[in-house]
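One structure is given below, encoded as structure tokens.
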Amino acid sequence: MTILYDSNRGCTACPLSEGCKGPVPAVGLETSKVMLIGEAPGRNEDIKGEPFTGDAGQYLDSLLDSVGIRRSDVLISNVVKCRPRGNRTPTVEEAEFCATRWLDVEVEMFQPEIIVPMGRVAIQHFLGDVTVEHVHGIPAGKVLPVYHPAAGFYDTRLMRAIQEDFQALGKLVNGETQSAPVDQHPDPDYVEYENITGKSFSSGDRPMMAYDTEVVDNKLWSVQASGVTGTAGFFPGMDQPAVKGKAVVHNYLYDAQWIDLPDSTDDTMLMAYLLGLPQGLKELAWRLCGMEMQSYQEIMGDHRRRKGLLYLSEAAKHDWPDPPDLTDVIWIKKDGRLGSVTKKPQHISRKIKRIIADVVGGKENKDGPVNPWTRWHNIDPRERAAVEEQLGKMPDASLEDVDPDTAIRYSCRDADATLRVYQVLWPKIQELGLEFTYQLDRQVLPVAMSMMQEGIALDGEFLGILGRHYMELMEAKAEDIFSLVGKRFNPNSDNELRVLMYEYLGFKPTKFTETGLPKVNKEELSKLKHAVVPMLLEYKHLAHLKDSFCDTLPGKIDSHGRVHCTINVTRTETGRWSMKEPNLQQIPARTEYGREIRKAFVAGPGYYLAAIDYSQIEMRVAAHLAQCQSMIGLFNEGRDIHTETAAQIFNVPLDQVTSQQRYPTKTMGFGVIYGLTPHGLYSQMAQEGLRD
Ligand code: URA
């Protein structure tokens, strides 16, 4: 590649230049009309002095190739010119500082007609505070923002979007003009209705009605409905109204908590998931219908500021005690030991006055006027504690605080957007012949909803007994650990574990937490070769089960003896469900201790619990799609694919495959389907103690 000018690899304008060989200049064809801009050089690029020469570069080449563009025909550069230590993502400030010295000059010098920033940092340099999900693949003037090719290495779901972005580039280069979708109703008609007769909505003779809900303080605040694009009605003060006829919402599992939706309700979020599109309504509305949507953050910004200011003004009237000494543990690298630093922070009253002065004085940050909410929460919680104890937490704003016109416009827009997005997505589903698959997934939504509402019966007493038993096992394990290492310490404390492993036993830490302390998580501990490691891991496993399940779940049991969690049917890579608060899928099934916890889930009187599972369904589908005869043969003969694979990999007879050998091949099998990276496999194996 042609290096376009000599950077002399010499720039010391910012600390990024320390620890690398210096700025990596743009390469390529000087007269090219296309300039691709990445984030920052990596290790390869730093050594070679040329951008995109590592793995991301290879993938970039193949993406360009797929749309008939040769690397030698374009300009390639980075928004940040020096490799940040540890290949971390540069901050927006670092990018701005560097770009004004280097990239902006390159753009000025080469005058490209199409500028292609790849990834968030480069995109934000050209388009400001936008998200990649929102803008990728849609030209904005000369700029075509695209996903960074390396994004696909970390999240294989993005591969399709990355390819589509480069197809968009191919079209632009070939002179095909691509315009962003245009909002068909720039002046929408959103109306407030004071009363509605009865308590139900109906689509009447309209083909479809879109609904949306707003919830304030955990109560239904309003329902919005739209049957004609560009219009919507705002219905405040409803209480669990019923909906009849054809309905669509964006995220059934949320709205169905507040309104009674028919089982046949469509869900644009599910449709988008099936089509591999972003699932946020705002992204969909913008990308498919050209609709600008304000974020909740934008609507609330001023009100949060006002309420925050009132709170701080009240706080400023009080006398607060002297600030506490703030002691933080640090890792002293040169001595290989933990130490501590103690700071005496500025008095909280001075900090409060400073924030008030900045807000009242109209001080601006990079992203707008100073926000007292953010500034307050950036103060160490230990310093805020005295104020929050006396005045309570700084209050947040809600839609109640917003002027009615803004609240109505904001709320109605979601219903309008849902209808418009539905009208784009449904034909796409039909075009791709996915109606049946979609209907299967959609019909499951009311089932998931009733699972959330019904919950599952839990034997809290059993969990209490199990928790005490685990505690005894932990105490015994701790004694074994102490006699092995010859000293007593608190194995529940990460800092004490750091001292044990990295000071006392002398291991050299390789991975650090964000605050610069050596990591002592399962993955890092398993890398250290010492007889105490498996004992510590077992101790940690027991402690995790006890804290997360035995101690926590009983507090979540309702008056009917049941626990409820939130289910998400979209978003996972595998198409499987996920759940949270509590995440019951996290209870380990592969350890004896984990399986004990499962026994606490019981059937209500007159019911049985049944476990039903497809056998290796993903592998069967993969065998069918790939028409892989050996896999198909294996399934037809009722053999176990993971055991067979393990027998071949470990070169042992079938009947001698151990579960320790079968497990990695099973993980690998799923990995092949869902894009597990070598690093991902390595770390999973490490955690299972299956690395050498
Ligand atoms: N290589 C680069 O030069 N830039 C990137 O952003 C990634 C890899």
Side-chain angles (χ1 to χ4, degrees), residues 129-138 157-158 161 180-186 188 190 201 208-216 220-235 243 246-259 261 265-300 398-399 402 406-429 438 441-442 445 448-449 566-572:
D129 189 18
V130 294
T131 63
V132 187
E133 219 184 24
H134 207 86
V135 297
H136 74 98
I138 301 179
R157 278 170 301 179
L158 292 177
V182 176
D183 185 348
Q184 297 298 327
H185 303 283
Y190 299 148
F201 294 93
M208 182 59 86
M209 283 286 280
Y211 298 93
D212 178 55
T213 54
E214 295 300 338
V215 174
V216 173
L220 182 63
W221 192 67
S222 65
V223 178
Q224 296 75 242
S226 170
V228 176
T229 55
T231 72
F234 175 84
F235 301 88
V243 162
K246 290 289 288 164
V248 61
V249 292
H250 188 81
N251 193 359
Y252 176 96
L253 291 182
Y254 181 77
D255 291 318
Q257 294 174 44
W258 307 103
I259 47 183
L261 289 166
T265 301
D266 278 298
D267 186 345
T268 41
M269 189 158 113
L270 191 62
M271 291 179 166
Y273 179 54
L274 195 59
L275 292 165
L277 297 172
Q279 287 140 57
L281 183 59
K282 295 192 172 30
E283 278 78 30
L284 289 168
W286 165 246
R287 300 179 63 75
L288 304 175
C289 314
M291 288 176 79
E292 294 269 11
M293 311 262 294
Q294 276 185 298
S295 67
Y296 188 73
Q297 184 59 35
E298 278 172 85
I299 299 281
M300 290 306 153
S398 78
L399 279 171
V402 175
T406 310
I408 292 169
R409 203 169 351 101
Y410 168 81
S411 314
C412 283
R413 196 124 182 99
D414 281 356
D416 182 13
T418 303
L419 186 62
R420 294 202 228 174
V421 164
Y422 170 81
Q423 292 183 350
V424 180
L425 293 185
W426 180 238
K428 275 190 200 278
I429 291 205
Y438 168 69
D441 280 352
R442 192 195 55 71
L445 291 173
M449 190 68 216
T566 303
I567 296 175
N568 207 333
V569 298
T570 59
R571 291 187 194 274
T572 64

Item checked: Listed partners of Arg442 passing side-chain hydrogen bond (donor to acceptor under 3.5 Å, both in side chains), at least two apart -> Gln439
Margin query: Could you go through Thr229 and Gln184, starting from their C-alpha distance and side-chain angles, then the distance that decides it, and tell me whether this counts as side-chain contact (heavy atoms from CB on, under 4.5 Å)?
Written below: CA-CA 9 Å; Thr229 55; Gln184 297 298 327; over 6 Å; no
Checklist line | Atom pair CE/CG of Met271 and Leu277 - distance to nearest 0.5 Å | finding: 11.5 Å
Margin query: Lys282 and side-chain contact (heavy atoms from CB on, under 4.5 Å): which single residue from Arg413, Glu133, Met293 fits?
Written below: Met293
Item checked: Verdict with supporting geometry, Val215 and Tyr254, side-chain contact (heavy atoms from CB on, under 4.5 Å) -> CA-CA 10 Å; Val215 174; Tyr254 181 77; 3.3 Å; yes
Item checked: Any residue meeting ring pair (Phe, Tyr, Trp, His ring centres under 6.0 Å) with Tyr410, in chain and number order, not counting sequence neighbours -> none
Check: Among all residues two or more places apart in sequence or in another chain, which pass the side-chain contact (heavy atoms from CB on, under 4.5 Å) test with Ser222?
Finding: Glu214, Gln224, Phe234
Checklist line | With sequence neighbours excluded, residues passing side-chain hydrogen bond (donor to acceptor under 3.5 Å, both in side chains) with Thr268 | finding: His250
Next item on the list: Apply side-chain contact (heavy atoms from CB on, under 4.5 Å) to Ala256 and list each qualifying residue two or more places apart in sequence or on a separate chain.
Entry: Tyr252, Leu261, Met449
Next item on the list: Locate the shortest heavy-atom distance separating Asp267 from Asn251; write the atom from each residue and the value.
Entry: OD1-N, 2.8 Å
Margin query: I need the Asp414 CG to Met291 CE distance, nearest 0.5 Å.
Written below: 8.5 Å
Margin query: Run the side-chain hydrogen bond (donor to acceptor under 3.5 Å, both in side chains) test against Asp255 and tell me which residues pass, sequence neighbours left out.
Written below: Thr213
Notebook entry, point to check: Given Thr131 and Glu283, is the side-chain contact (heavy atoms from CB on, under 4.5 Å) satisfied, shown in steps?
Noted result: CA-CA 9 Å; Thr131 63; Glu283 278 78 30; 3.9 Å; yes
Check: Looking at CG of Asn568 and CG of Leu253, how far apart are the two atoms once the value is rounded to the nearest 0.5 Å?
Finding: 7.5 Å
Notebook entry, point to check: Trp286: what forms a side-chain contact (heavy atoms from CB on, under 4.5 Å) with it, not counting sequence neighbours?
Noted result: His134, Ile138, Glu292
Notebook entry, point to check: Are Leu281 and Thr418 close enough, and set up right, to give a side-chain contact (heavy atoms from CB on, under 4.5 Å), and what steps lead you there?
Noted result: CA-CA 7 Å; Leu281 183 59; Thr418 303; 3.7 Å; yes
Note to self: Can you list everything that forms a side-chain hydrogen bond (donor to acceptor under 3.5 Å, both in side chains) with Glu298? Sequence neighbours excluded, please.
What the structure shows: Ser295
Next item on the list: Considering non-hydrogen atoms only, spot the tightest contact between Val569 and Ala448 and give its length.
Entry: CG1-CB, 4.3 Å
Note to self: Can you confirm whether Cys289 sits close enough to Val421 that some side-chain heavy atom of one is under 4.5 Å from a side-chain heavy atom of the other?
What the structure shows: yes
Next item on the list: Report the residues that fulfil salt bridge (charged side-chain N to carboxylate O under 4.0 Å, His left out) with Arg420, sequence neighbours left out, ordered by chain and then residue number.
Entry: Asp183, Asp416
Item checked: Gap separating the CG atom of Leu274 from the CD atom of Gln279, nearest 0.5 angstrom -> 10.5 Å
Next item on the list: Return the set of residues passing side-chain contact (heavy atoms from CB on, under 4.5 Å) with Thr231 (not counting sequence neighbours), or none when no residue passes.
Entry: Asp189, Ser226, Val228
Notebook entry, point to check: Which distance, rounded to the nearest 0.5 Å, do you find between the CG of Asp212 and the CG of Leu419?
Noted result: 12.0 Å
Notebook entry, point to check: At their closest point, which heavy atom of Ala407 faces which heavy atom of Val402, and how far apart are they?
Noted result: N-CG1, 3.8 Å
Notebook entry, point to check: Of the non-hydrogen atoms in Ala417 and Ala285, which two are nearest, and what is the gap between them?
Noted result: CB-CB, 3.9 Å
Notebook entry, point to check: How far does CD1 of Ile259 sit from CZ of Phe201, to the nearest 0.5 angstrom?
Noted result: 7.0 Å
Checklist line | Ala161 to His136 - nearest heavy-atom pair and separation | finding: CB-CE1, 3.8 Å
Check: If every non-hydrogen atom of Met209 is compared with every non-hydrogen atom of Ala225, which pair is closest and at what distance?
Finding: CE-CB, 3.8 Å
Next item on the list: Keeping the roles fixed (side chain from Tyr438, backbone from Leu270), state whether a donor-acceptor pair exists under 3.5 Å.
Entry: no
